[in-house]
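Data first, discussion second: the structure below is written as C-alpha cells.
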Amino acid sequence: MDDYRGIISYRLSHVGTRSEGFYAFLVPDDGDELPLCREGAAPFNDTFFEQFDGQRVDVAATMSHGWLIVESAVPVASVEERVPEPESEPEAEPESEAGPETESDAEPESEPEAAGNTEVGTDNGNDNKEEL
C-alpha cells in the first residue's frame, strides 16, 4: 500500500455511455488524474468520495490496473487553507460599523429617555441619562 496526496474530484464521467455515472479522481500536484475506487464497491456512483470533492486529502491505496484501490482518505488542512480564516475577521469589523448606524436609529428612543425612561440609551455611552 502506498500513500498519495492530492485533490479529489467527484464528477460525472463517461456521459452518453452505459458506464455513465459519478466517478472519483485523485488529482495530485503533478496533475495526472488517477481514478479511485474502493474494494468491493462499484467504481461509479460511490458516494463515499462525494464528501471529499474539492478537498486536498491523503489517500492510502494500492494501484491495480490503472485504478487506485482506496483503503482510507483523510482531509489535509494545509497552511493555504488556514490563511483565509483571519481575512474573514476584518469582515466582522464592518458589522461593528453598523452599530453606530443603529444608534442614529435609536434617536427616537431618546425622547422616552427625556420622559424618565432609564432602560434605553446604554449603547450610546450616555451614563448621565441613566442617573436621571
Side-chain angles (χ1 to χ4, degrees):
M1 184 171 323
D2 295 315
D3 294 325
Y4 300 86
R5 179 175 280 187
I7 297 174
I8 289 187
S9 174
Y10 185 76
R11 64 178 186 271
L12 187 61
S13 188
H14 306 292
V15 176
T17 69
R18 293 187 333 187
S19 300
E20 180 176 324
F22 284 88
Y23 289 79
F25 299 89
L26 182 70
V27 184
D29 293 334
D30 66 9
D32 296 331
E33 284 188 342
L34 301 169
L36 303 174
C37 66
R38 294 185 302 147
E39 186 75 35
F44 56 91
N45 299 330
D46 185 354
T47 57
F48 169 78
F49 295 108
E50 187 175 14
Q51 65 184 322
F52 300 110
D53 186 31
Q55 294 184 29
R56 179 172 294 280
V57 296
D58 283 333
V59 174
T62 304
M63 180 66 76
S64 177
H65 304 286
W67 288 77
L68 283 179
I69 313 300
V70 176
E71 292 286 325
S72 67
V74 178
V76 176
S78 69
V79 174
E80 297 166 356
E81 293 171 358
R82 294 181 189 164
V83 172
E85 292 177 11
E87 291 177 7
S88 64
E89 291 176 9
E91 292 175 10
E93 291 177 16
E95 292 174 10
S96 65
E97 291 176 6
E101 292 174 11
T102 57
E103 287 179 13
S104 64
D105 295 338
E107 289 178 13
E109 294 177 12
S110 64
E111 293 173 12
E113 287 179 30
N117 186 350
T118 60
E119 296 176 4
V120 181
T122 58
D123 292 337
N124 297 3
N126 296 330
D127 295 333
N128 295 335
K129 290 182 181 179
E130 291 181 13
E131 293 175 6
L132 292 177

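Evaluation of the salt bridge (Lys or Arg N to Asp or Glu O under 4.0 Å) test over residues 18-29, restricted to residues two or more places apart or in two chains, returns Asp29-Arg56.
For Phe44, the ring-ring contact (aromatic ring centres under 6.0 Å, His included) criterion is met by no residue, not counting sequence neighbours. Partners of Glu33 according to the side-chain hydrogen bond (donor to acceptor under 3.5 Å, both in side chains) rule, which considers only residues two or more places apart in sequence or in another chain, are Arg11. In this structure Asp58 satisfies the salt bridge (charged side-chain N to carboxylate O under 4.0 Å, His left out) test together with Arg5, sequence neighbours excluded. Under the side-chain hydrogen bond (donor to acceptor under 3.5 Å, both in side chains) criterion, Asp2 pairs with no residue at all, not counting sequence neighbours.
For the pair Phe48/Arg38, a side-chain contact is recorded, criterion being any heavy-atom separation below 4.5 Å from C-beta on. Side-chain contact check for Asp46 versus Leu36: every heavy-atom pair is 4.5 Å or farther apart.
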Notebook entry, point to check: How far apart are the C-alpha atoms of Thr62 and Glu39, what are their side-chain angles, what is the distance that settles it, and do they pass the side-chain contact (heavy atoms from CB on, under 4.5 Å) test?
Noted result: CA-CA 10 Å; Thr62 304; Glu39 186 75 35; over 6 Å; no

Item checked: Audit row: Cys37, Ile69, side-chain contact (heavy atoms from CB on, under 4.5 Å) steps and yes/no -> CA-CA 5 Å; Cys37 66; Ile69 313 300; 3.3 Å; yes

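Residues Phe49 and Val57 fall within the same hydrophobic cluster, defined by Ile, Leu, Val, Met, Phe, Trp and Tyr side chains chained together at heavy-atom separations under 4.5 Å. Ile8 and Phe25 fall into different hydrophobic clusters, where Ile, Leu, Val, Met, Phe, Trp and Tyr are joined by side-chain heavy atoms under 4.5 Å apart, directly or via other members. Hydrophobic clustering (ILVMFWY, side-chain heavy atoms < 4.5 Å, transitive): Val74 and Val70 are in distinct clusters. In the hydrophobic clustering of ILVMFWY residues, with side-chain heavy atoms under 4.5 Å counting as a link, Leu26 and Leu12 come out together. Note: the hydrophobic cluster containing Ile7 does not contain Tyr23 (ILVMFWY, side chain heavy atoms under 4.5 Å, direct or indirect links).
A distance of 7.0 Å separates OH in Tyr4 from CG in Leu34, rounded to the nearest 0.5 Å. Within the model, atoms OG of Ser9 and CZ of Phe22 stand 10.5 Å from one another, a figure rounded to the nearest 0.5 Å.
Val27 shares a hydrophobic cluster with no other residue; no ILVMFWY side chain has heavy atoms under 4.5 Å from its own.
In this structure, Asp53 contributes its side chain and Tyr10 its backbone to a donor-acceptor pair below 3.5 Å.
The two residues Ala73 and Phe52 make their nearest non-hydrogen contact at O-CZ, 3.5 Å.
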